[in-house]
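No hydrogens, no waters, no symmetry mates; every other heavy atom, side chains included, goes into these values.
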Amino acid sequence: MPEEKITQIQRYLIIAVLFLLCIVLLLLILGRDDTGKIPQQKAEFTPHPPPVERPFFDNQDAVFKEFVEDLNATKESMLSKIEQNTTAQGFDANLSQQENFEQNVSEERSFGHSQIPPEVAPKTTPVPSNQGAKLAIIIDDMMSKEQVKKLKSLNLKLNPSFFPPYKNHDDTPKLAAEFDFYMVHLPLEAIAFNHKLPFLKASDSAEKIEESIRRIKQDFKGLRYINNHTGSLFTSDERAMRKLFVALKKYDLLFVDSRTIGASKALKMAQEFGQSYIKRDIFLDNEEDVDYTKNQLKNVVELAKKRGFAIAIGHPKKTTFKALEESRDLLKSVELVYLSEIYGE
């Protein structure tokens with residue numbers, strides 16, 4: 001290629017480069033603001049509606065979740081203590097503490113979740129207040145001669161509730177027969193408890209449940225009332241409770257709800273089967289302390305006076321027996337009765 005032609009091409013390239021540089025410089029000059037600085041790109045503003053103020057209870061799911069986590073931690077701690085006390089204090093202590101634990105769980109779970117069933121009056125109206133309020137005190141976990149002896153020594157009209165016969169307490173029907181009135185304390189499946197005696201499971205067949213109730217009716221002559229020992233899982237299961245109520249009705253028995261969980265289906269079943277809903281109002285001895293139990297007795301006496309009747313549950317503990325002994329004057333202000341004297345069924 002001739003040298004003259006190469007020189008001409010080089011000129012064209014130089015001109016093109018200079019032209020591009022001029023364009024770049026022009027763009028930079030146009031892009032500067034009055035201060036001589038290149039402005040930052042501003043984000044496009046999109047208007048939003050003002051935030052809506054949500055009521056406090058919109059956060060109840062988060063609050064309840066945190067509450068349940070705390071409750072589970074408390075549960076694990078309590079179960080650990082119960083396990084330790086089983087070794088140190090024996091079988092009786094374990095049964096009572098677990099029942100108390102389930103009651104505490106039931107009261108706490110009712111927060112924002114399942115409420116304790118409303119009060120349903122018995123079919124037979126209690127006596128008017130001017131004739132005296134009625135108070136039925138149930139003593140659960142009865143299984144030994146020593147417990148029977150201590151209970152009788154109080155010389156108070158109480159409602160003992162005996163475990164069905166099993167191994168180390170196979171004579172409970174005989175012990176129960178020493179009282180004018182007694183109940184059976186039926187172990188039912190709990191949410192978190194390793195039973196030391198046989199219990200009915202929510203998954204049990206109707207036939208198995210009926211056979212268990214048949215044996216109880218056969219062993220305990222004249223039995224009319226059964227209340228649950230533990231049973232938070234069983235009593236909150238509608239299908240399980242329906243199977244139980246079918247068996248109870250067949251053998252002419254009435255269920256007393258110990259209320260170990262707020263989600264109990266006992267109320268619904270009582271209505272479905274045309275029976276009075278019988279439930280515990282107050283546990284006397286969640287704490288193994290004389291003063292605590294005496295205060296609980298005052299509370300249930302006041303409830304009985306206000307409503308005409310009330311039902312309390314205690315256990316055969318030394319502190320409970322002592323509190324009952326020291327509350328004789330208080331208990332004279334109401335009429336201690338058997339459950340049959342309130343419900344007449």
Side-chain angles (χ1 to χ4, degrees), residues 95 98-99 102 106 117 120 122-123 138 140-143 159-177 179 181-191 193-261 263-280 311 313 338-340 343-345:
L95 294 175
Q98 171 60 18
E99 188 158 288
E102 287 205 341
S106 77
V120 176
K123 290 182 178 179
I138 301 171
D140 281 347
D141 295 1
M142 295 292 291
M143 70 170 99
N159 297 253
S161 191
F162 288 85
F163 282 120
Y166 178 69
K167 289 185 179 179
N168 64 325
H169 56 270
D170 58 359
D171 59 346
T172 49
K174 182 179 178 181
L175 294 174
F179 293 87
F181 177 91
Y182 63 85
M183 302 166 55
V184 163
H185 197 39
L186 179 64
L188 298 178
E189 186 175 11
I191 292 174
F193 181 57
N194 182 21
H195 274 283
K196 301 297 183 180
L197 45 85
F199 60 95
L200 291 178
K201 298 179 181 179
S203 59
D204 284 342
S205 66
E207 292 75 19
K208 181 176 180 180
I209 292 175
E210 180 183 330
E211 175 59 21
S212 297
I213 300 302
R214 184 195 68 78
R215 288 199 306 268
I216 288 174
K217 182 70 173 183
Q218 179 180 313
D219 291 336
F220 294 89
K221 307 301 180 183
L223 177 67
R224 190 78 172 98
Y225 298 87
I226 286 180
N227 74 316
N228 56 295
H229 170 67
T230 65
S232 54
L233 179 61
F234 192 104
T235 58
S236 60
D237 187 308
E238 185 173 325
R239 293 181 62 185
M241 287 294 282
R242 185 171 286 108
K243 288 183 285 187
L244 176 62
F245 267 71
V246 167
L248 293 174
K249 185 173 183 178
K250 179 175 181 178
Y251 293 100
D252 197 27
L253 295 169
L254 295 172
F255 185 76
V256 180
D257 190 0
S258 298
R259 283 204 318 168
T260 57
I261 191 166
S264 170
K265 298 300 185 292
L267 169 60
K268 184 175 182 178
M269 291 301 102
Q271 293 173 334
E272 184 175 312
F273 284 79
Q275 300 174 354
S276 293
Y277 173 52
I278 310 173
K279 69 174 180 67
R280 177 233 11 117
I311 300 173
I313 288 181
Y338 300 135
L339 274 182
S340 57
Y343 289 87
E345 297 185 69

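Salt bridge K243/E210: absent, no basic N to carboxylate O contact under 4.0 Å.
Between the N159 side chain and the L339 main chain, a donor and an acceptor come within less than 3.5 Å of each other. Here the side chain of S276 pairs no donor or acceptor atom with the backbone of I278 at under 3.5 angstrom. The backbone N or O of A240 lies less than 3.5 Å from a partner atom in the side chain of D237, making a donor-acceptor pair. Side-chain atoms of S212 come within 3.5 Å of backbone atoms of K208 as a donor-acceptor pair (strictly under, hydrogens ignored). The backbone N or O of A263 lies less than 3.5 Å from no partner atom in the side chain of S236, so there is not a single donor-acceptor pair. Side-chain N or O atoms of K268 include none that pairs as donor or acceptor with a backbone N or O of E238 at under 3.5 Å. No side-chain donor-acceptor contact under 3.5 Å links T172 to the backbone of M143. Under the 3.5 Å distance criterion, the side-chain polar atoms of R259 are matched with a main-chain donor or acceptor of R280. A distance-only check finds no donor-acceptor pair linking the side chain of K265 to the backbone of F234 [under 3.5 Å]. Without hydrogens or angle criteria, S232 side chain to I261 main chain gives no donor-acceptor distance under 3.5 Å.
Put simply, the side chain of D219 does not reach to within 4.5 Å of the side chain of P164, judged on heavy atoms. For the pair L200 and L188, the minimum side-chain heavy-atom distance is below 4.5 Å. Between P173 and P165, some side-chain heavy-atom pair lies under the 4.5 Å cut-off.
Rounding to the nearest 0.5 angstrom, the gap separating the OG atom in S161 from the CG atom in D141 is 8.5 Å. Note: H169 NE2 to L175 CG = 10.5 Å, rounded to the nearest 0.5 Å. A distance of 10.5 Å separates CD in E189 from OG1 in T235, rounded to the nearest 0.5 Å. Here I213 contributes atom CD1 and D252 contributes atom CG; the two are 13.0 Å apart, rounded to the nearest 0.5 Å. In this structure, the separation between OH on Y182 and OH on Y338 is 12.5 Å, given to the nearest 0.5 Å. The distance from atom OG1 of T230 to atom CD1 of I191, rounded to the nearest 0.5 Å, is 10.5 Å.
Aromatic ring orientation, F255 versus F245: tilted (interplanar angle from 30° to 60°).
D140 and N227 share a donor-acceptor pair across their side chains, judged by distance under 3.5 Å alone. D257 and Y277 form a side-chain donor-acceptor contact under 3.5 Å, judged by distance and modelled atom types alone.
The side chain to side chain donor-acceptor pair (under 3.5 Å) test with Q218 singles out one residue from K221, R215, R214, and that residue is R214. If you run side-chain contact (heavy atoms from CB on, under 4.5 Å) between M183 and each of L253, I138, I226, only I138 comes through.
The salt bridge (Lys or Arg N to Asp or Glu O under 4.0 Å) search around R239 returns none, not counting sequence neighbours.
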Report task. Starting from the C-alpha separation in whole Å, work towards a yes-or-no answer on side chain to side chain contact (heavy atoms under 4.5 Å, CB included) for V184 and I216. Result -> CA-CA 8 Å; V184 163; I216 288 174; 4.0 Å; yes
Query - Verdict with reasoning, L248 to F273, per side chain to side chain contact (heavy atoms under 4.5 Å, CB included) - result: CA-CA 10 Å; L248 293 174; F273 284 79; over 6 Å; no
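Ring to ring, H229 and F163 are close: their centroids are under 6.0 angstrom apart. If you look at Y225 and F181, their ring centroids are closer than 6.0 Å.
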